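Start at 1 with the first residue, then count along the sequence. Both ligands and their constituent atoms are indexed starting at 1 by order of listing. Remember, it's a predicted structure, so these values are computed and weren't measured experimentally.
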Amino acid sequence: MRSLPSPRGPVSELLLGRLLDDPGVLPPNEPVPSGDPLADEDLQLALYLCYELHYRGLPGVDDGWEWEPSLLALRRELQSVFERALLDAVPPVREPVVAAEIDLALRAIAEEDGPSLSSYVKVSAGLDQIREFVVHRSAYQLKEADPHSWAIPRLSGAPKAALIEIQTDEYGRGRVEWIHAELFARAMRALGLDPDYGAYLDVIPGVTLATVNLMSLFGLHRRWRGAIVGHLALFEMTSSIPNRRYAEGLRRLGFDGDATLFFEEHVTADAVHEAIAAVDLAGGLVHQDETLGADIVWGARALSLLDARWATHVLRCWGEGRTSLLRDLTHSESGAVANPVVASG
Ligand SMILES: [Fe+2]
Ligand SMILES: [Fe+2]
């Protein structure tokens with residue numbers, strides 16, 4: 001990320017107005033989202049910025065802000081608004097889910113019908129739309145697997161081994177060129193996009209940032225360790241087929257090589273990951289602690305909801321012939337290379 005994004009309301013304004021100073025006490029603030037907390041621009045951007053301090057940090061921002069108590073207090077306020085909205089939209093799972101039923105329960109969520117962005121990309125999306133799709137996804141994919149890694153020290157035994165097995169692949173098995181986030185950066189470059197971490201934060205809407213904030217919320221809180229495991233399991237279980245469609249959409253437009261490699265890699269890798277995640281990781285965790293079954297299922301449902309809302313937003317915007325980002329890429333500063341490299345043949 002080369003520069004901080006623009007504020008989108010009073011909370012992100014307060015934050016962005018202070019973050020370039022030395023760490024210190026933030027003025028008290030009562031975040032009141034003006035609209036839907038699950039997509040509110042101000043709330044989701046402010047939360048994303050607070051979480052980002054735990055990942056790569058923010059440009060020009062002192063690392064000391066990460067643990068500044070008044071910033072953490074603000075983050076907790078934002079989080080509780082977000083969390084309450086999630087719990088309203090996805091009621092907590094009251095009935096216990098035993099280890100033997102976890103795989104089936106997750107599979108049932110994975111098989112629910114939702115808006116299929118990947119089917120649209122496969123058959124109909126134009127290059128501008130595919131580039132927009134990739135920009136949305138960059139909010140997570142450039143730090144792919146990192147939010148789930150927060151769960152590692154919170155697990156032990158068999159589920160920990162299962163999580164490590166998945167994460168080892170995500171991080172390229174020791175080879176930088178196979179780190180999934182690096183593969184995604186290569187795809188961005190091949191599509192004429194800026195692969196710099198956070199380059200497009202300013203144009204990525206709250207409805208998309210919410211999908212990443214969900215993972216950070218789950219990953220950073222031990223009390224949500226079941227939810228982050230359920231999130232990862234469903235993520236892996238719903239990855240193979242859509243990624244094949246994304247690759248097919250790109251090939252339809254004449255792309256291959258670096259542009260399609262990330263998506264093709266996920267067709268095969270996630271076919272393996274889904275079984276490990278559902279059975280060994282999620283099932284294994286409930287084996288150890290029966291009380292976590294409900295949270296695992298709830299975490300998966302929360303992912304499913306936010307993903308469907310994101311896909312609905314993107315498809316609705318495209319259906320109305322407008323950008324699904326906050327600004328059209330061609331008019332945005334972090335724009336892109338004018339002529340993406342289209343593979344011949
Ligand atoms: Fe991956
Ligand atoms: Fe995976």
Side-chain angles (χ1 to χ4, degrees), residues 55-56 102-103 106-107 109-111 117-118 121 133-152 155 158-191 193 195 197 208 211-212 214-216 218-219 227-250 257-285 296 299-300 302-304 306-307 310:
Y55 292 101
R56 316 273 176 99
I102 278 285
D103 185 23
L106 291 170
R107 206 155 294 284
I109 301 169
E111 283 165 5
L117 189 56
S118 60
V121 166
F133 156 73
V134 168
V135 165
H136 280 283
R137 289 280 298 266
S138 70
Y140 169 59
Q141 254 29 97
L142 291 175
K143 57 168 168 275
E144 187 179 342
D146 289 347
H148 303 105
S149 291
W150 299 119
I152 294 171
L155 301 180
K160 185 174 194 133
L163 177 56
I164 296 286
E165 189 175 355
I166 295 168
Q167 299 300 80
T168 304
D169 279 345
E170 306 295 346
Y171 292 129
R173 298 189 162 270
R175 295 188 46 196
V176 62
E177 67 275 22
W178 285 102
I179 295 177
H180 288 183
E182 297 290 330
L183 294 179
F184 194 80
R186 278 159 69 180
M188 291 186 81
R189 215 172 283 121
L191 290 165
L193 294 165
Y197 186 90
T208 312
T211 64
V212 189
L214 180 75
M215 298 181 229
S216 301
F218 289 167
I228 191 70
V229 162
H231 184 287
L232 178 60
L234 192 74
F235 202 93
E236 299 292 348
M237 293 167 93
T238 52
S239 166
S240 237
I241 294 169
N243 277 305
R244 176 178 295 128
R245 294 187 189 130
Y246 295 133
E248 285 169 350
L250 282 161
D258 277 357
T260 52
L261 184 58
F262 169 88
F263 302 99
E264 283 156 353
E265 173 65 14
H266 281 82
V267 175
T268 42
D270 288 346
V272 177
H273 292 170
E274 67 169 271
I276 303 170
V279 179
D280 302 329
L281 172 60
L285 184 59
I296 289 175
L303 159 62
S304 180
L306 293 194
D307 237 44
W310 169 69

inquiry  = Parallel, tilted or perpendicular: which one describes the rings of Phe262 and His266, with boundaries at 30° and 60°?
reply    =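 Answer is tilted, since the angle falls between 30° and 60°.
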Sub-2.8 Å protein N, O or S atoms surrounding the Fe ion (ligand 1)
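Short answer, with waters excluded from the count: Glu144 OE2, Glu170 OE1, His180 ND1, His266 NE2.
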Would you say the side-chain atoms of Asp146 and Tyr140 include a donor-acceptor pair closer than 3.5 Å?
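No pair is found: no donor N or O on one side chain lies under 3.5 Å from an acceptor on the other.
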Are side-chain N/O atoms of Gln141 and Glu144 paired as donor and acceptor at under 3.5 Å?
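Result is yes, a qualifying pair exists.
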Are Tyr55 and Tyr197 close enough that their ring centres sit under 6.0 Å apart?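 Not under 6.0 Å, so no.
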Counterpart residues, ring pair (Phe, Tyr, Trp, His ring centres under 6.0 Å), relative to His136 (two or more places apart)
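Applying ring pair (Phe, Tyr, Trp, His ring centres under 6.0 Å) to His136 gives Trp310.
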| said: When you compare the side chain of His273 with that of Asp270, does any pair of heavy atoms fall below 4.5 Å? | reply: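 Counting from C-beta outward, Asp270 and His273 do come under 4.5 Å.
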